[in-house]
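We're numbering straight along the sequence, starting at 1.
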Amino acid sequence: AKNSLAVAGVAGKQQTAVLDQLFQSAQANAAPIGAMADLFGKAAQASDNLGASQSELLKFSDGVGVSLRVAGTSAGAASGALTQLGQLLGSARVQAEEYNSVNDGARPILIAVANGLEAAGGSVNKLKQLVNDGKVSGKEFFQAFLKGMPAVAAMAAGATQTIDQGLTKVQNALTKYIGETDSSLGASQRLVAGLNLLADNFDATADIVLQVASVIAGALVGRSLASMIKTFALGTKEIGIFLAAISRVRSIGAL
């Protein structure tokens, strides 16, 4: 989520503020926070084309969240639809493929656009024809959605949350927790450094790792640990050192 905003030039305190607002919208509407942040990032990159301010981009993102709540869309379907929606915003002309993807995963978005676009007159079918004829730009789509949002907001009043959407909210909360915790502890960066170290020295470590893994696997299926050690030519001294080291590990830092 942070990377999606950083690519769009949203950084520092501004990034924190935007992420907080996106999270609140995602939780209020049970929409996936990662996909919401990615959509905002793509819209921000296309802001010159859209003629949109940051407040309008946040309003748009929140409206999309409301549309997903009305649709009762699963996290997977929502993410796919939002990816296509993000591409749509940067297009000179809305493409049929993008339109169809949004229609399949988040039709209320199109209902809002149809209500906000004068040429469509509130008809999604007429909106589709306009798209097929290449008569709707990304900017027109964006502005029409903002204008037609009240139509979807009215529908949201009677929307019922699905179980999948409830699980999405849990995942959002976990994502936020991990992000905030990692910001203070830098745990993921230490893990990345460790993985890079392993990758850079893989030839020197792979053989012993595979041998130890085989010993453990053999023991788990009832084979003699002693015979496994002998089979893989691991000296008892080395195994002793290895097990003693493992027994001393009490924290991520020690590991």
Study note, to complete from the structure: Taking every heavy atom of Val152 against every heavy atom of Ala112, the minimum-distance pair comes out as CG2-CB, 3.6 Å

Exercise for review: Would you confirm whether Ser47, through its side chain, and Ala43, through its main-chain N or O, come within 3.5 Å as a donor-acceptor pair?
Suggested key: no

Exercise for review: State which residues pass ring-ring contact (aromatic ring centres under 6.0 Å, His included) with Tyr99; sequence neighbours excluded, sorted by chain then number.
Suggested key: none

Exercise for review: Using modelled atom types only, decide if a donor and an acceptor are shared between the side chain of Ser61 and the backbone of Leu57 within a distance under 3.5 Å.
Suggested key: yes

Check your understanding: Is there side-chain contact between Lys176 and Leu19, with at least one heavy-atom pair below 4.5 Å?
Key -> no

Check your understanding: For Ser25, does its backbone N or O pair with a side-chain atom of Gln27 as donor and acceptor, under 3.5 Å?
Key -> no

Point to revise | CD on Gln45 to CZ on Phe40, rounded to 0.5 Å | key: 11.0 Å

**Study point:** Leu85 CG to Lys42 NZ distance, which is reported to the nearest 0.5 Å
**Key:** 10.0 Å

Point to revise | Test item: Ile109 and Val64 side chains (from C-beta on) under 4.5 Å apart, heavy atoms | key: yes

Review point. Going by heavy atoms in the side chains, are Leu117 and Leu130 under 4.5 Å from each other?
Key: yes

Review point. Roughly how far apart are Met149 CE and Phe60 CZ, rounded to 0.5 Å?
Key: 9.5 Å

Practice item. Decide side-chain contact (heavy atoms from CB on, under 4.5 Å) for Phe145 and Ser67; before the verdict, give the C-alpha distance in whole Å, the side-chain angles of both, and the deciding distance to 0.1 Å. Key: CA-CA 11 Å; Phe145 178 80; Ser67 299; 3.8 Å; yes

Revision key, fill the gap. Between the CG atom in Leu50 and the CD atom in Glu140, the distance rounded to the nearest 0.5 Å is 11.5 Å

Check your understanding: Once you round to the nearest 0.5 Å, how far does OG of Ser101 lie from CD of Gln87?
Key -> 8.5 Å

**Study point:** Non-hydrogen atoms of Ala30 and Gln161 that approach each other most closely
**Key:** CB-OE1, 4.2 Å

Check your understanding: Of Asp133, Asn125, Asn132, which meets side-chain hydrogen bond (donor to acceptor under 3.5 Å, both in side chains) against Gln129?
Key -> Asp133

Exercise for review: Please test Lys59 against Leu146 for side-chain contact (heavy atoms from CB on, under 4.5 Å), starting from the C-alpha separation and ending with a verdict.
Suggested key: CA-CA 8 Å; Lys59 182 180 179 182; Leu146 293 180; 4.1 Å; yes

Study note, to complete from the structure: In terms of heavy-atom contacts, Ala37 and Ser4 come closest through O-CB, 3.8 Å

Practice item. Taking Asn49 for its side chain and Leu89 for its backbone only, find out whether a donor-acceptor pair lies under 3.5 Å. Key: yes

Check your understanding: With no hydrogens and no angle check, is any side-chain donor or acceptor of Asn172 less than 3.5 Å from a backbone partner on Ala31?
Key -> yes

Practice item. Decide yes or no on side-chain contact (heavy atoms from CB on, under 4.5 Å) for Gln14 and Gln54, but give the supporting numbers first. Key: CA-CA 10 Å; Gln14 183 187 23; Gln54 181 169 297; 2.4 Å; yes

Point to revise | Thr83 side, atom OG1; Leu88 side, atom CG - distance, nearest 0.5 Å | key: 12.0 Å

Point to revise | Any donor-acceptor N/O pair, Gln84 side chain to Ala81 backbone, under 3.5 Å | key: no

Practice item. For Asn29 and Arg69, indicate whether the former's side chain and the latter's backbone hold a donor-acceptor pair under 3.5 Å. Key: no

Check your understanding: What is the minimum heavy-atom distance between Leu127 and Ala114, and which atoms define it?
Key -> CD2-N, 4.0 Å

**Study point:** Flag side-chain contact, heavy atom, 4.5 Å: Glu98 against Ser91
**Key:** yes

Revision key, fill the gap. For Val131 and Val94, the nearest pair of non-hydrogen atoms, with its separation, is CG1-O, 3.5 Å

Practice item. May I have the step-by-step check of side-chain contact (heavy atoms from CB on, under 4.5 Å) for Asp62 and Leu22, ending in yes or no? Key: CA-CA 7 Å; Asp62 185 64; Leu22 289 176; over 6 Å; no

Study note, to complete from the structure: Nearest heavy-atom contact between Gln165 and Thr160 is OE1-O, 4.0 Å

